[in-house]
Amino acid sequence: MTRAAQPPLPAHPDGPTAADLVKCVRCGLCLSACPTYHLLGLETDSPRGRIHLMRGLAEGRLALTPGVVRHLDQCLGCRACETVCPSEVPFGRMLEATRAVIADRRPTPGWRGRLQRFALRQLLPAPRRLQAVGVVLWAMQRLGLLQAAARLPGWVGMAAALVPPLPSRPSRPPAGRRAALGPRRGRVILFQGCIMPILFGDVMRETEEVLQRNGMDVVIPAGQTCCGALMAHAGERRLAQALARRNIEALAGDDPIVVNAAGCGAMLKEYGELLAADPAYASRAAAFAARVRDVTELLDAVGLTAPLGRLERTVTYQDACHLLHGQGIRRQPRQLLSRIPGLRLVELPASDRCCGSAGIYNLTHPTLARALGEQKVDAILHTGADTVAVGNPGCLIQIGAGLRARRARVQVAHPISLLAEAARRSLGA
């Protein structure tokens, strides 16, 4: 790698810390877990190699060249390396910090860079704008225009093909309180996020339903916004911090904060780290993070009390990266699915391998994302399952698009959707 032909850059306030950068002992155990290393076979596209690049940049031994940026940008941020690392290297934190430096000093050029910055800064944090986009997509889908666009070559066709079927006009659930159905067992706050209400409104409604049927009052506070995960992954750290402060204010209280999107849950659980240097919010952010629960994590902990009807399904389960590697949740979704009468759960080979969605990676790196998506679809079809369950919107989008491209008769569903369907079956609905 070319050495910098210039004085070392001054330390960046958002860059990775020296303490984090020296934790890697270069043992190589991360190589087998890294999807991009498997695809590309380059040391610089492995966690170990990328840490070497990060450290070189931080110490001024490497220039911020296009090649260095490319290798760091090609990382999915799936954090599978963290799960296998014996030294507990916080790779995700280091990657986001390095990307903050890159975003500040070498922002993505051209129309794609402008489009990405518009989406992150002006669209995702603005619920009304995002809902308007969702309604346009819904209308285009009903008129067949989106399906026609999906057949176009290039980036436009690829992006159109990713949009999942939208069964109803997108709308955010109104703020308010939904009372428990049956004996009351507690109260939870439901986090909406940005993408779930627009593209997966049915999953939001089913999440409310399952929580209510299992004795929970469900509160949806006004004023909540995007969790900031996509911003943090792209290096927009200051924006992610601003969104975190808004959510801390909107979701104040002592009740558990329930999330049905793995990426959002991982981000919310890291608010304490994100705002650790903010004296006005550090302690509040840490307390907030301690309240966050994935919906499967909460339901497994409190236990299902609502009766479940029979579902004659063969289901395989994909571990969303930020649920397994980001939150350490593996057993709970499988345990809940195994409670459904008639449902046969079969293990998915390499279920802990990223599907290629990784936030907006399937838009920014379509070739690599497509290769990973095809591997995932191959594995799903190999199981013989008629349904694949996964608890993250990006994974639902990516895997659903891959299955549609193969014309495979395999449904992709959130685990909560299967629980909701089983609960309705028990009522004869």
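The heavy-atom pair separating M54 from L72 by the smallest distance is CG-CD2, 4.1 Å. Scanning both residues, G235 and A103, for their nearest heavy atoms gives O-CB, 3.9 Å. The two atoms that bring Y37 and L31 nearest to each other are CD2-O, 3.5 Å, heavy atoms only. Closest of all the heavy-atom pairs between M267 and A232 is SD-CB, 4.1 Å. Of all heavy-atom pairs spanning C355 and Q318, the tightest one is N-NE2, 4.3 Å. For the pair N214 and A306, the tightest heavy-atom approach, listed with the atom from each and the gap, is OD1-N, 3.2 Å.
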Could you go step by step and tell me if Q224 and F191 meet the side chain to side chain contact (heavy atoms under 4.5 Å, CB included) rule?
CA-CA 8 Å; Q224 57 177 300; F191 179 76; 3.3 Å; yes
Side chain to side chain contact (heavy atoms under 4.5 Å, CB included) evaluation trace for R293 with I257
CA-CA 6 Å; R293 298 288 184 274; I257 300 166; over 6 Å; no
Full working for side chain to side chain contact (heavy atoms under 4.5 Å, CB included) between C75 and R99:
CA-CA 11 Å; C75 180; R99 285 179 172 172; 3.8 Å; yes
Stepwise side chain to side chain donor-acceptor pair (under 3.5 Å) check, R213 with S426
CA-CA 12 Å; R213 291 191 185 282; S426 73; over 6 Å; no
Salt bridge (Lys or Arg N to Asp or Glu O under 4.0 Å) assessment of R353 paired with D319
CA-CA 8 Å; R353 182 69 56 82; D319 287 289; over 6 Å; no
Would you check, one step at a time, whether the test side chain to side chain contact (heavy atoms under 4.5 Å, CB included) holds for R313 with L418?
CA-CA 10 Å; R313 297 276 192 91; L418 297 173; 3.2 Å; yes
Run the salt bridge (Lys or Arg N to Asp or Glu O under 4.0 Å) check on R330 and E347 step by step: do they pass?
CA-CA 12 Å; R330 185 183 193 280; E347 195 60 31; 3.4 Å; yes
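By the side-chain contact (heavy atoms from CB on, under 4.5 Å) test, S32 is found to be paired with no residue, residues two or more places apart in sequence or in another chain being considered. Applying the ring pair (Phe, Tyr, Trp, His ring centres under 6.0 Å) rule to H38 yields no partners; only residues at least two apart in sequence or on another chain are considered.
Using a 4.0 Å cut-off between charged side-chain N and carboxylate O, R245 and E249 make no salt bridge. We find that D217 and R184 are joined by a salt bridge, their nearest charged nitrogen and carboxylate oxygen being less than 4.0 Å apart. We find that R93 and D20 are joined by a salt bridge, their nearest charged nitrogen and carboxylate oxygen being less than 4.0 Å apart. The pair E312-R344 does not count as a salt bridge, with every side-chain nitrogen at least 4.0 angstrom from each carboxylate oxygen. Salt bridge annotation for E374-R406: absent, with no cationic side-chain nitrogen under 4.0 angstrom from a carboxylate oxygen. The pair E421-R425 counts as a salt bridge, with a side-chain nitrogen and a carboxylate oxygen less than 4.0 angstrom apart.
D300 pairs in a salt bridge (Lys or Arg N to Asp or Glu O under 4.0 Å) with only one of the listed residues (R339, R331, R334), which is R331. A side chain to side chain donor-acceptor pair (under 3.5 Å) with R50 holds for exactly one of T36, T98, T44; it is T36.
A donor-acceptor pair under 3.5 Å is formed between the side chain of T316 and the backbone N or O of V346. Side-chain atoms of E88 never come within 3.5 Å of backbone atoms of C85 as a donor-acceptor pair (strictly under, hydrogens ignored). Although no hydrogens or angles enter the test, the distance criterion places a donor-acceptor pair under 3.5 Å between the side chain of N247 and the main chain of C226. Between the side chain of T108 and the main chain of G113, no donor-acceptor pair closer than 3.5 Å is present. Judged by distance alone, with hydrogens and angles left aside, the side-chain atoms of R404 form a donor-acceptor pair with the main-chain N or O of A161 at under 3.5 Å. In this structure, the side chain of Y271 does not engage the main chain of A282 through any donor-acceptor pair within 3.5 Å. Counting only distance, with no hydrogens or angles, the side chain of Q327 and the backbone of A262 share a donor-acceptor pair below 3.5 Å. No donor-acceptor pair under 3.5 Å is formed between the side chain of W155 and the backbone N or O of P366. The closest donor-acceptor contact from the side chain of H322 to the backbone of C78 lies at 3.5 Å or more, if one exists at all. Between the side chain of R185 and the backbone N or O of V302 there is at least one donor-acceptor pair closer than 3.5 Å.
Other residues, nucleotides and ligands contribute only 12 or fewer heavy atoms inside 6.0 Å of the CZ atom of R409. Heavy-atom neighbours of R291 CZ from other residues, nucleotides or ligands within 6.0 Å: above the threshold of 12.
In this structure the side chain of L166 reaches within 4.5 angstrom of the side chain of L199, judged on heavy atoms. Side-chain contact check for I51 versus F91: some heavy-atom pair is nearer than 4.5 Å. Inter-residue side-chain proximity for V410 and T387 is flagged as unmet; no heavy-atom pair is nearer than 4.5 Å. Q122 is listed as a side-chain neighbour of R129, based on a closest heavy-atom distance under 4.5 Å. Counting heavy atoms from C-beta outward, L211 and L299 have side chains that approach closer than 4.5 Å. Proximity of P127 to R172: side-chain heavy atoms (C-beta onward) are separated by under 4.5 Å at one or more points. A 4.5 Å side-chain heavy-atom check between E236 and R117 finds at least one atom pair inside the cut-off. In this structure, the side chains of P35 and C354 come closer than 4.5 Å at one or more pairs of heavy atoms.
How far CG of L123 is from CZ of R121: 13.5 Å, rounded to the nearest 0.5 Å. Remark: D202 CG to E206 CD distance equals 5.0 Å, nearest 0.5 Å. From T296, atom OG1 reaches atom CG of L323 across 5.5 Å, with rounding to the nearest 0.5 Å. The structure places OG of S357 at 6.5 Å from CD1 of I397, a figure rounded to the nearest 0.5 Å. Annotation: the span from I189 atom CD1 to R177 atom CZ amounts to 12.5 Å, rounded to 0.5 Å. One distance of note links CZ of R151 with CG of L146; it measures 10.5 Å at 0.5 Å rounding.
Between the side chains of Q398 and N362, at least one donor N or O sits under 3.5 Å from an acceptor N or O. Donor-acceptor pairing under 3.5 Å is recorded for the side chains of D73 and H365. With 3.5 Å as the limit, one finds no donor-acceptor pair spanning the side chains of R205 and S417. A donor and an acceptor atom, one from each side chain of D45 and Q74, are located under 3.5 Å apart. A donor-acceptor pair shorter than 3.5 Å can be found between the side chains of E96 and H233.
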